[in-house]
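All remarks here apply to the structure that follows.
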There are 2 protein chains.
Amino acid sequence: MGRGQKVEYGQLRATVIEVATETVREHGSASLSIRKIAKKIGCAVGTIYNVFSNLDEIVMTVNSTTLSALQSRLLADTGQKEDALAALIGLGQSYVAFCRENFNLWSLVLEHKLAPGSTLPEWHQQQVDDLFLLVTRMAAPLVADDSERAERAARVLWAGLHGICALAMSGKLDVVHAESAEVLAESLVRNYLLGLRAEGMV
Amino acid sequence: MGRGQKVEYGQLRATVIEVATETVREHGSASLSIRKIAKKIGCAVGTIYNVFSNLDEIVMTVNSTTLSALQSRLLADTGQKEDALAALIGLGQSYVAFCRENFNLWSLVLEHKLAPGSTLPEWHQQQVDDLFLLVTRMAAPLVADDSERAERAARVLWAGLHGICALAMSGKLDVVHAESAEVLAESLVRNYLLGLRAEGMV
DNA sequence: TGGTTTTCATGAACACTGTTCAATTTTAAG
DNA sequence: CTTAAAATTGAACAGTGTTCATGAAAACCA
């Protein structure tokens with residue numbers, strides 16, 4: 001390589017992300033290490049550090065593509081639904097399905113803890129905001145009068161779905177063992193929104 | 001020490017858990033290591049392995065006391081509430097408060113992943129079941145006719161509260177940043193239960 | 001008391017991890 | 001062809017969890 005060869009730079013970055021993604025998808029987040037990536041690619045560890053500042057940056061880049069995949073999935077699944085309630089229920093189902101199909105990659109997103117004192121990079125934050133905006137937009141018709149309450153509803157639903165998926169995936173607190181996450185997700189979305197409507201009628 | 005000195009055995013175990021708990025509480029789960037515990041206690045690493053089979057067992061034991069503390073907290077806070085709805089809202093508030101006050105210790109519970117293929121030890125599973133039973137019992141009066149639906153409601157609420165707290169604590173998806181977790185928790189519990197009731201009326 | 005046996009404590013050793021960096025090779029420019 | 005810049009390398013450093021042969025100490029028995 002010589003001076004200013006940015007082509008190779010981008011190529012190596014892509015390869016690293018590709019290998020890292022496949023490793024996580026197949027063997028889980030615990031088995032991801034710089035050394036293993038280097039061995040699989042066939043280069044030295046230092047080479048990777050020439051293109052990523054550390055492992056965290058690799059993880060965040062992988063997570064970024066996972067978030068993009070989720071967004072595409074949600075956008076595709078909730079294309080044009082007549083009923084707003086049905087659309088949000090469908091959103092929940094899509095989210096649960098995505099978690100199931102991308103177990104290890106989604107775990108990597110959830111497990112990631114940003115270094116204390118630092119904030120998410122702007123490009124990453126934007127992805128999260130976009131994803132959340134999707135939910136807010138879908139919830140808006142159901143609480144038409146009040147946009148503040150629409151946003152709160154979106155936050156509750158988003159967090160609630162996250163909780164159901166997180167417990168379902170880890171099996172940790174055994175809460176979701178008996179009943180499928182899909183059933184719980186539908187129950188959450190339907191009844192929460194029903195409750196919002198009922199509250200508005202009082 | 002000599003043969004059959006169970007007193008020292010239990011004493012050392014207690015000390016290890018004490019030191020581990022304080023370390024996590026003050027510096028977070030990432031800074032927990034066998035070597036640091038040993039140094040803090042003033043013994044060799046091998047000594048700890050004489051009393052715990054590995055770090056995972058230490059973590060699970062710490063988590064066990066955290067779960068006990070949460071259970072005590074919830075039991076105390078939701079002592080005798082007349083209204084079932086108010087009681088469940090209170091439960092949510094207590095849960096959120098507990099997460100706030102025991103940030104690092106509760107993170108340790110959430111972050112723990114059990115080794116693939118293995119299941120939670122019986123004594124740990126029992127704690128989780130007890131905790132969950134608390135929610136189920138409180139939800140029962142609100143869906144009196146159907147115990148199956150009561151359990152589902154409990155699962156949804158439990159998972160939902162977990163999601164709100166998890167996102168609030170990590171600040172990861174920035175969902176809970178604008179509004180406090182307490183507000184979201186109350187919204188979740190109130191409207192979900194209101195929805196359940198409305199559904200039953202149809 | 002002395003000798004024996006069981007039990008416990010020790011820390012070096014092993015196999016890992018992320019990260020750094022001086023030395024080397026490769027490549028491009030002049 | 002020389003030179004300088006850039007990219008690659010892998011040894012080195014500071015960590016991690018875990019194991020285990022060795023030595024010390026305590027308890028049992030005579």
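Only heavy atoms go into these numbers, but all of them, side chains included; no hydrogens, no water, no symmetry mates. In this text, all values refer to a predicted model and were calculated from it rather than measured experimentally. Naming convention: chains lettered A, B, ... in sequence-line order (proteins, then strands); numbering from 1 in each chain.
For A/S64 (side chain) and A/M60 (main-chain N/O), no donor-acceptor pair under 3.5 Å exists by modelled atom type. Although no hydrogens or angles enter the test, the distance criterion places no donor-acceptor pair under 3.5 Å between the side chain of B/N102 and the main chain of B/L105. In this structure a side-chain-to-backbone donor-acceptor pair under 3.5 Å is missing from B/N104 to B/S107. Under a 3.5 Å cut-off, the side chain of A/Q125 and the backbone N or O of A/P121 do not form any donor-acceptor pair.
Rounding to whole angstrom units, CG of residue A/L12 and C1' of D/dA6 are separated by 14 Å. Between the C1' atom of C/dG11 and the OH atom of B/Y49 lies a distance of 14 Å, rounded to the nearest Å. To the nearest angstrom, P of D/dG15 lies 9 Å from NZ of B/K36. Per the geometry, CD1 belonging to A/I48 stands 18 Å off P belonging to C/dC21, to the nearest Å. Note: CD1 (B/I37) to P (C/dT10) measures 15 Å, nearest angstrom.
Residues from residues 50-60 of chain A placing a heavy atom under 4.0 Å of any atom in DNA chain C, listed by number, are A/N54, A/L55. Listed by residue number, there are no residues of residues 13-34 of chain B with a heavy-atom contact under 4.0 Å to DNA chain C.
Taking the side chain as every heavy atom from C-beta outward, A/V62 and A/V59 never approach each other to under 4.5 Å.
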Mind listing the N/O atom pairs, protein and nucleotides 10-12 of chain D, below 3.5 Å?
residue	atom	partner	partner atom	Å
D/dA12	N6	A/R35	NH2	3.4

Hey, can you pull the donor-acceptor pairs under 3.5 Å for the side chains in residues 17-30 of chain B, sequence neighbours left out?
residue	atom	partner	partner atom	Å
B/T21	OG1	B/I17	O	2.7
B/E22	OE2	B/R25	NE	3.4
B/T23	OG1	B/V19	O	2.8
B/S29	OG	B/E111	OE1	2.8

Ignoring hydrogens and angles, write down the donor-acceptor pairs under 3.5 Å from the side chains of residues 182-190 of chain B, residues two or more places apart or on other chains.
residue	atom	partner	partner atom	Å
B/E182	OE1	B/R100	NH2	2.8
B/E182	OE2	B/R100	NE	2.9
B/E186	OE2	B/R190	NH1	2.4
B/S187	OG	A/Y192	OH	2.6
B/S187	OG	B/N191	ND2	3.3

Please list every donor-acceptor pair under 3.5 Å in which a side-chain atom of residues 130-139 of chain B meets a protein atom from a residue at least two apart or in another chain.
residue	atom	partner	partner atom	Å
B/D130	OD1	B/Q126	NE2	3.0
B/T136	OG1	B/F132	O	3.0

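Ring planes of B/Y95 and B/W158: parallel class, angle under 30° (limits at 30 and 60°).
Taken to the nearest 0.5 Å, the OG1 atom of B/T66 stands 9.5 Å off from the CD atom of B/Q127.
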Worked verdict on A/H124 versus A/N63 for side-chain hydrogen bond (donor to acceptor under 3.5 Å, both in side chains) = CA-CA 9 Å; A/H124 200 289; A/N63 285 348; 5.1 Å; no
